[in-house]
Amino acid sequence: MGILLEAVKHRKKVRQKAPLEVKREIVLDELRAMNVTTSRCGKAIESLDYEALKEEWVIASILWVDIENENGKWF
């Protein structure tokens, strides 16, 4: 349930009517904040189109664990 909640929070940042380049920059910023610099196939994230960036963002959001947060620490 936590992953779904985080996805909804991130979704609000990308508005439907925003220009494609603005959406792309928002997703790039989110990936950079998660320290993602390359895609799963090894390409630099800056070279990806918006659709590929969204895929990488979803996968990174699922795999990303915030160890600074109390809920993300190991026992």
Side-chain angles (χ1 to χ4, degrees):
M1 189 68 178
I3 294 171
L4 181 59
L5 178 62
E6 289 300 315
V8 170
K9 286 180 185 176
H10 289 301
R11 181 95 171 129
K12 291 179 182 177
K13 293 180 183 179
V14 182
R15 298 286 177 213
Q16 291 286 337
K17 295 183 181 181
L20 190 60
E21 191 57 35
V22 172
K23 292 179 183 180
R24 186 177 179 280
E25 286 301 317
I26 291 170
V27 175
L28 268 173
D29 290 341
E30 291 292 325
L31 285 169
R32 288 180 187 132
M34 291 187 271
N35 295 324
V36 176
T37 57
T38 57
S39 68
R40 291 172 288 149
C41 64
K43 293 182 182 178
I45 60 170
E46 289 81 10
S47 67
L48 299 176
D49 65 345
Y50 176 63
E51 294 300 320
L53 280 173
K54 283 195 315 186
E55 287 180 26
E56 295 298 327
W57 186 26
V58 169
I59 298 298
S61 297
I62 290 169
L63 298 176
W64 188 72
V65 176
D66 184 9
I67 59 171
E68 299 294 323
N69 187 346
E70 200 56 41
N71 294 332
K73 291 185 179 180
W74 292 98
F75 296 100

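Worth knowing before you read on, the calculation uses all heavy atoms, side chains too, and leaves out hydrogens, waters and symmetry mates. For reference, positions follow the sequence shown, starting with 1.
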Given 3.5 Å as the limit, does a donor-acceptor pair link the side chain of Arg24 with the main chain of Glu51, or not? no

Straight-line distance of [X] [atom1] to [Y] [atom2], nearest 0.5 Å:
X	Y	atom1	atom2	value
Thr38	Glu56	OG1	CD	8.0 Å
Glu21	Tyr50	CD	OH	11.5 Å
Glu25	Leu53	CD	CG	9.0 Å
Ser61	Met34	OG	CE	4.0 Å
Leu31	Ile26	CG	CD1	12.5 Å

May I ask you to say whether Arg32 pairs ionically with Glu46, meaning some side-chain N is under 4.0 Å from a carboxylate O? yes

Side chain to side chain donor-acceptor pair (under 3.5 Å) partners for Asp49, two or more places apart: none

Can you list everything that forms a salt bridge (charged side-chain N to carboxylate O under 4.0 Å, His left out) with Glu55? Sequence neighbours excluded, please.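 Counting only residues at least two positions away or on another chain, Glu55 forms a salt bridge (charged side-chain N to carboxylate O under 4.0 Å, His left out) with Arg40.
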
Under 4.5 Å between any side-chain heavy atoms of Ile45 and Thr37, yes or no?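 Not touching, per the 4.5 Å side-chain cut-off.
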
